[in-house]
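Both backbone and side-chain heavy atoms feed into the values below; hydrogens, waters and symmetry mates do not.
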Amino acid sequence: MDELADAYAYPPLAGDAHWLRANMVSTLDGAAQHDGRSQPISGETDMRIFGTLRALADVVIVGAETVRQEGYRPARAREAFAARREAAGQGPAPAIAVITASLDLDFSLPLFTSPLVPTLVVTGAAAPADRVAAAAKAGAEVVLAGDGSVVDPARVVRELADRGLRRQLTEGGPRLLGQFVAADALDELCLTISPMLTAGDAQRIAGGPSVAVPHRLAPASVLEEAGFLFTSYRRI
């Protein structure tokens, strides 16, 4: 675990700086999912890296559709990372921040009722008042990151950083990652390349409108195990 944690350590963050990294998996032919979920194209080492990236983060940012499809649960405290998190001034586990305009979520799920640290629901100022009240009643912290019904990705990053959540990790889904890319808010992409072919019409790792000029990242690391490639690219 220490070796992986060192390999994926966040860069030093001075002052009020923050760092948003994404963790995604893709097949050789570009599919980010199979039958609507990422788990079938993942593997054992990919899941170890998934756990490591979570254990290093202050907050895990995820879209509401991914919460529904993947059955998200609260992040758990992991003994192997306890000393590292304490030394970094972090709590026992990262918070989960769910990005949602409509707040169409089941607030009776453990993600909201029994997390180690309160789950954040990030929405716009025009979100339905009854759903905002339901989120708060369930114990979630509601964060406004948009003036209307649309959440502003760049503002999401700033609002979370203002709460001390500066080491940020997004696990998707593809539409949310596409929004961060379009807003030029992404600092790092951790991409697992799965040695599989699926064909079909599955989503890519990032969706939505294309950017005017492609964003270029620099390779930071490449690891391999069991045919999977574990890559990291950082903002130039």
Side-chain angles (χ1 to χ4, degrees), residues 1-13 19-63 66 69-73 75-76 78-85 87-88 90 93-94 167-178 180-181 185-207 211 214-236:
M1 288 295 184
D2 284 344
E3 184 178 350
L4 277 180
D6 290 341
Y8 285 98
Y10 280 84
L13 299 176
W19 189 267
L20 174 64
R21 66 169 29 147
N23 180 34
M24 301 293 284
V25 60
S26 170
T27 63
L28 294 172
D29 53 346
Q33 302 168 337
H34 185 65
D35 289 337
R37 300 176 64 237
S38 60
Q39 187 277 332
I41 63 173
S42 182
E44 182 179 347
T45 303
D46 185 43
M47 294 310 298
R48 284 174 55 207
I49 291 175
F50 173 91
T52 298
L53 293 178
R54 278 194 162 203
L56 297 174
D58 297 327
V59 61
V60 177
I61 308 170
V62 63
T66 298
Q69 288 187 349
E70 302 279 355
Y72 259 60
R73 299 184 62 83
R76 59 188 177 90
R78 304 182 65 184
E79 183 61 32
F81 294 94
R84 185 181 288 263
R85 290 188 65 86
Q90 296 172 299
R167 304 174 189 89
Q168 302 172 357
L169 169 67
T170 178
E171 297 172 349
R175 190 168 73 88
L176 179 60
L177 178 54
F180 281 126
V181 170
L186 188 69
D187 298 297
E188 180 181 2
L189 172 63
C190 298
L191 176 64
T192 295
I193 301 173
S194 172
M196 301 179 188
L197 295 167
T198 64
D201 57 358
Q203 288 181 295
R204 297 160 48 202
I205 65 166
V211 297
H215 298 170
R216 182 158 187 153
L217 304 180
S221 66
V222 180
L223 305 173
E224 184 276 335
E225 187 167 294
F228 287 79
L229 293 180
F230 307 97
T231 70
S232 173
Y233 294 83
R234 290 187 170 185
R235 180 190 292 274
I236 296 175

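Here the closest heavy-atom approach between residue Leu169 and residue Ala57 is recorded as CB-CB, 3.9 Å. Taking all atoms of both residues into account, the shortest heavy-atom contact from Asp29 to Met196 is OD1-O, 3.8 Å. Here the shortest heavy-atom pairing between Met24 and Ile205 reads CE-O, 3.2 Å. Here the closest heavy-atom approach between residue Phe230 and residue Glu225 is recorded as CE1-N, 3.9 Å.
Judged purely by atom type and a 3.5 angstrom limit, Asp58 has no side-chain atom pairing as donor or acceptor with the backbone of Gln168. Panel note: side chain Arg78, backbone Gly51; a donor-acceptor pair is recorded below 3.5 Å. Between the side chain of Arg85 and the backbone N or O of Ala55, at least one donor-acceptor pair lies under 3.5 Å. Arg167 contributes no side-chain N or O that, together with a main-chain N or O of Pro11, makes up a donor-acceptor pair within less than 3.5 Å. In this structure, the side chain of Gln69 does not engage the main chain of Arg37 through any donor-acceptor pair within 3.5 Å. Not one N or O on the side chain of Gln33 forms a donor-acceptor pair closer than 3.5 Å with the backbone of Gln203. At least one donor-acceptor pair closer than 3.5 Å links the side chain of Arg235 to the backbone N or O of Leu186. No donor-acceptor distance shorter than 3.5 angstrom exists from the side chain of Ser232 to the backbone of Ser221, with no hydrogens or angles considered. Panel note: side chain Thr52, backbone Ala5; no donor-acceptor pair is recorded below 3.5 Å.
The side-chain heavy atoms of Ser42 and Thr192, taken from C-beta on, include no pair separated by under 4.5 Å. Using a 4.5 Å heavy-atom cutoff, the side chains of Thr27 and Leu197 are not in contact. Looking only at side-chain heavy atoms (C-beta outward), Arg234 and Trp19 come within less than 4.5 Å of each other. The shortest side-chain heavy-atom distance between Phe228 and Thr45 does not fall under the 4.5 Å cut-off. Between Asp187 and Tyr10 the shortest side-chain heavy-atom distance does not fall below 4.5 Å. Counting only heavy atoms from C-beta outward, the side chains of Cys190 and Leu53 approach each other to under 4.5 Å. Counting only heavy atoms from C-beta outward, the side chains of Arg175 and Thr66 never approach each other to under 4.5 Å.
Interatomic distance, CG of Leu56 versus CZ of Arg21, reported as 6.5 Å (0.5 Å rounding).
Just one of Leu28, Val25, Val222 meets the side chain to side chain contact (heavy atoms under 4.5 Å, CB included) condition when paired with Ile193; it is Leu28.
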